[in-house]
Q: 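Dumping the structure here so I can ask a few things about it.
Treat the numbers as computed from the prediction; the structure is a model and nothing was measured. Note that these values count all heavy atoms, side chains included, but never hydrogens, waters or copies made by symmetry.
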Amino acid sequence: MASPKIIVYQVFTRLYGNRCTNRIEDGTIAENGCGKLNDFTPTALKKIREMGVSHIWYTGVIRHASQTDYSAYGIPKQHPAVVKGKAGSPYAITDYYDIDPDLAENVAQRMQEFEALVERTHKAGMKVIIDFVPNHVARQYHSICKPEGVKDLGEGDNPQNGFDPQNNFYYCPGQRFAPYLDLYHGENEAYLEEPAKATGNDCFNNAPGMNDWYETVKLNYGLDYYAGRVGHFDPIPDTWNKMTEILLFWAAKGIDGFRCDMAEMVPAAFWHWATSKVKSRYPDCVFIGEVYNPAEYRNYLGAGFDYLYDKVGMYDTLRGVMCGYQNVHAITGAWQQTDDIKQHMLYFLENHDEQRIASDFFAGDARKGVPALVVSALLQQNPLMIYFGQEYGERGMDKEGFSGCDGRTTIFDYWSVDTIVRAAQRKYTLREKHLYDTYCKVMNLAKSQKAVTDGLMFDLMYANGHLQRQFAFIRKAGTEALLVVVNFDDAPAAIDVNLPAHAFDYLGLKEKTATAADLLKAQKEKLALKRDNAVRLELEPLGAKVLSFRV
């Protein structure tokens, strides 16, 4: 039986449902509006599901630092000097046990609205992923929603010790927080923090710079950075218990997995401890790790992660091929680097950290991402992730406020996403509609074709050294086979794809003339399948063929 192919649709929750088109640079929530949890209606969720999506990652649902004042609801106000942008970063958490009030129709009912969203998502046939941000919190972290009996982070710390295994934070004793920024930021009183806490990106002094994560503080998992990262894990550090309880709190809400931010900045020993505790109660809960160091991949998989970002391997390679500064044969090298753990690598072309394919900083044209999409979706059984708006060719070229014009969709500002707004109103262009249809086809093929979900893969490139802008491989399960060929060139290509005898032996193919159906075009082609012979194929500019035949 075929294994389910995981396809994650990442939505930046605050932006997805926002239909306000004022788009005032550095605008307030009153000026620019904000999307809500309730915008994910059964109809909206059904449309996402129809794309082939199995999991929705709702990004930014836990309460984080913001310049919007919700003190009327008993929510502590944040000092704007330590908040990036009017809306704030969703990775500067202010209360791990709370839902962000920006996302609620009724602020007082924000947790109930989230619980209803989880239920709606499940009814729509999809699973729910949320962020777990384990490495750092907002500078003014204070939980008002923690369960009874739970002590707040830092509540029992001894700030006179720069490091103590049972402290939740790292400190700079006797030093006031003095970063290179305006500590007033329009307020009558300056932001005060004394002693200063270490900053989230491992800045262990009291003066982080503008490019540091100055709005966050580093959590202490028992690693003594002042003594060269010596671990003190016995007895179990207090932070381990508190963060594991937070994971269990959200798992009890019915969510199906966590995307763990900057997972490799937290020791693998903690992950082994925490994931085993969560999975003992919730065995189907998945952990996706943002890990960028390939030397650590197997270490973190051994610590309980189900999937890891394949960023410095497959993402960087496909980006290089799309932009023309890497050869297609580099794709072979990218998958071979993780061949022993291939089921655990998460492929993606966009997310909230990366530039949009269609931006001027990347490929400049969303169509250049189609060959890479086909490779990402069909090459292996592993998960694929899509970022909302990617399917319409969102360019990310707005200058929103704190987030300047950088080819990314802002995570710091109140804004709306042009393609998503127009798509909701069915005002997309023909090119956008065609791209959307292509994404839907490819993602649904990835989910439905047994050769993809359960099959073997044979990379044909070692026998096709003459191909410089085209990539070819075969997938096969049982009597079903797919010959997949993509064209990264923006010109049409007529190519000969060599089929080595080794492919026939490895996959159990028979020499024959097969009638193949192109699953992307609803067309048929004759394939002369012979050992060490070539098949002639014609490819459209930036096009792909997924040729299905029986063996």
Side-chain angles (χ1 to χ4, degrees), residues 2-20 33-61 99 103-105 109-110 112-130 253-257 259 284 286 288 348 350-352 366 373 377 383-394 409 416-430 432-449 452-453 519-520 522:
S3 306
K5 172 91 169 182
I6 290 178
I7 299 181
V8 179
Y9 188 68
Q10 181 193 2
V11 291
F12 199 77
T13 316
R14 178 202 302 151
L15 302 182
Y16 181 83
N18 188 17
R19 301 292 175 253
C20 176
C34 184
K36 306 295 180 183
L37 300 171
N38 290 350
D39 293 328
F40 294 90
T41 62
T43 301
L45 291 168
K46 181 173 182 284
K47 186 172 183 184
I48 293 171
R49 170 71 173 167
E50 287 171 351
M51 291 170 60
V53 171
S54 61
H55 293 62
I56 302 185
W57 166 16
Y58 292 109
T59 306
V61 296
I99 289 295
L103 304 177
E105 299 281 0
Q109 297 291 314
R110 57 194 182 276
Q112 291 90 331
E113 289 187 20
F114 174 74
E115 291 166 346
L117 173 61
V118 173
E119 186 178 344
R120 284 198 305 280
T121 306
H122 287 158
K123 280 186 178 176
M126 293 176 290
K127 295 185 176 181
V128 173
I129 293 171
I130 65 169
K253 297 285 182 189
I255 67 110
D256 304 285
R259 177 269 184 188
D284 296 327
V286 300
I288 300 172
F348 61 91
E350 289 187 1
N351 63 37
H352 68 277
L373 169 72
L384 170 71
M385 183 168 73
I386 303 295
Y387 191 37
F388 83 120
Q390 179 182 339
E391 69 273 26
Y392 295 108
E394 173 59 37
T409 295
S416 63
V417 179
D418 176 57
T419 50
I420 294 293
V421 172
R422 289 188 292 103
Q425 300 164 346
R426 297 188 176 274
K427 292 181 179 177
Y428 29 60
T429 65
L430 285 175
E432 289 165 349
K433 180 65 166 65
H434 178 72
L435 186 71
Y436 171 80
D437 289 344
T438 300
Y439 267 78
C440 289
K441 283 180 186 175
V442 172
M443 290 158 66
N444 277 291
L445 284 178
K447 232 174 75 171
S448 64
Q449 292 294 308
V452 175
T453 61
L519 300 181
L520 294 179

Q: Kindly give the heavy-atom pair with the smallest separation between Val442 and Ala377, and that separation in Å.
A: CG1-CB, 3.6 Å
Q: Are side-chain N/O atoms of Glu115 and Gln112 paired as donor and acceptor at under 3.5 Å?
A: no
Q: Quick one: closest heavy-atom pair of Met443 and Met51, and the distance?
A: CB-O, 3.2 Å
Q: Rounded to the nearest 0.5 Å, what separation is found between the CD1 atom of Ile130 and the CD1 atom of Ile56?
A: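 CD1 of Ile56 is found 13.5 Å from CD1 of Ile130.
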Q: Could you walk me through whether Glu432 and Arg422 pass the salt bridge (Lys or Arg N to Asp or Glu O under 4.0 Å) check?
A: CA-CA 10 Å; Glu432 289 165 349; Arg422 289 188 292 103; 2.6 Å; yes
Q: Tell me, with the steps shown, if Lys441 and Leu519 meet side-chain contact (heavy atoms from CB on, under 4.5 Å).
A: CA-CA 8 Å; Lys441 283 180 186 175; Leu519 300 181; over 6 Å; no
Q: What is the distance from atom CD1 of Ile420 to atom OG1 of Thr409, rounded to the nearest 0.5 Å?
A: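 Nearest 0.5 Å value for the CD1-OG1 distance: 9.0 Å.
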Q: For side-chain contact (heavy atoms from CB on, under 4.5 Å), just list the numbers for Val61 and Leu117, CA-CA rounded to whole Å, side-chain angles, deciding distance to a tenth of an Å, and then say yes or no.
A: CA-CA 11 Å; Val61 296; Leu117 173 61; 5.6 Å; no
Q: Could you report the tightest heavy-atom contact between Ala446 and Thr453, atom names first, then the distance?
A: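 Closest heavy-atom pair between Ala446 and Thr453: O-CG2, 3.4 Å.
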Q: Should Ile129 and Ile288 be marked as a side-chain contact (heavy atoms from CB on, under 4.5 Å) after you check the CA-CA gap, both sets of side-chain angles, and the distance that decides it?
A: CA-CA 9 Å; Ile129 293 171; Ile288 300 172; 3.7 Å; yes
Q: For the residue pair Asn18 and Val421, what are the closest heavy atoms and their distance?
A: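 Heavy-atom minimum between the residues: O-CG2, 3.4 Å.
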Q: Would you compute the distance between atom CZ of Arg259 and atom CD of Gln10 and round it to the nearest 0.5 angstrom?
A: 7.0 Å
Q: Which distance, rounded to the nearest 0.5 Å, do you find between the CG of Asn351 and the CZ of Phe388?
A: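 Atom-to-atom, Asn351:CG and Phe388:CZ are 11.5 Å apart.
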Q: Is it true that a side-chain atom of Arg110 and a backbone atom of Ile99 form a donor plus acceptor pair closer than 3.5 Å?
A: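 Confirmed, Arg110 side chain pairs with Ile99 backbone.
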Q: When rounded to the nearest 0.5 angstrom, what distance separates CG in Leu373 from CD1 in Ile386?
A: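 Taking CG in Leu373 and CD1 in Ile386, the distance rounds to 5.5 Å.
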Q: Before giving the answer on salt bridge (Lys or Arg N to Asp or Glu O under 4.0 Å), spell out for Asp437 and Lys433 the whole-Å C-alpha distance, their side-chain angles and the decisive distance to 0.1 Å.
A: CA-CA 6 Å; Asp437 289 344; Lys433 180 65 166 65; 3.0 Å; yes
Q: Met126 vs Ile48, test: side-chain contact (heavy atoms from CB on, under 4.5 Å). Steps then yes/no.
A: CA-CA 9 Å; Met126 293 176 290; Ile48 293 171; 3.9 Å; yes
Q: Would you say the rings of Tyr58 and Phe40 are close, in the sense that their centroids are separated by under 6.0 Å?
A: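 Yes: the rings meet the under 6.0 Å criterion.
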Q: Glu113 side chain to Leu37 main-chain N or O, any donor-acceptor pair under 3.5 Å?
A: no
Q: Are any non-hydrogen side-chain atoms of Trp57 and Met385 less than 4.5 angstrom apart?
A: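 In short, these two side chains touch, coming nearer than 4.5 Å.
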Q: Got a donor-acceptor contact below 3.5 angstrom from the Thr121 side chain to the Lys127 backbone?
A: no
Q: Which residue pairs pass the side-chain hydrogen bond (donor to acceptor under 3.5 Å, both in side chains) test with at least one member in residues 42-51, sequence neighbours excluded?
A: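 Output for this query lists Lys46-Glu50, Lys47-Tyr392.
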Q: Where the side chain of Asn444 meets the backbone of Cys440, is there a donor-acceptor pair that is under 3.5 Å apart?
A: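 Side chain of Asn444 to backbone of Cys440: a pair is present.
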Q: Looking at CD1 of Ile7 and CG of Leu384, how far apart are the two atoms once the value is rounded to the nearest 0.5 Å?
A: 5.5 Å
Q: Under a plain distance cut-off of 3.5 Å, with no hydrogens placed, do Gln390 and Tyr439 share a side-chain donor-acceptor pair?
A: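 Judged by distance alone, the side chains do pair up.
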Q: For a quick test of reading the model, state the closest non-hydrogen atom pair linking Gly393 to Ala366 and the distance between them.
A: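 Answer, listing the atom of Gly393 first, then Ala366: CA-CB, 3.4 Å.
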Q: Can you list every pair that meets salt bridge (charged side-chain N to carboxylate O under 4.0 Å, His left out) and has a residue in residues 6-15, with sequence neighbours left out?
A: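 Every pair satisfying salt bridge (charged side-chain N to carboxylate O under 4.0 Å, His left out) with a residue in residues 6-15: there are none.
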Q: How far apart are the closest heavy atoms of Lys253 and Val118, and which atoms are they?
A: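 Heavy atoms of Lys253 and Val118 come nearest at O-CG1, 3.9 Å.
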Q: For the residue pair Arg120 and Pro42, establish whether any side-chain heavy-atom pair is separated by less than 4.5 Å.
A: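 Yes, side chains in contact.
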Q: Are the side chain of Ser416 and the backbone N or O of Cys20 linked by a donor-acceptor pair below 3.5 Å?
A: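 Checking the backbone N and O of Cys20 against the side chain of Ser416, a donor-acceptor pair under 3.5 Å is found.
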Q: Side chains of Glu391 and Tyr9: is there a donor and an acceptor less than 3.5 Å apart?
A: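 Tyr9 and Glu391 do have a side-chain donor-acceptor pair below 3.5 Å.
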Q: In terms of heavy-atom contacts, does NZ of Lys36 have more than 12 from other residues, nucleotides or ligands at under 6.0 Å?
A: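 Correct, the count exceeds 12.
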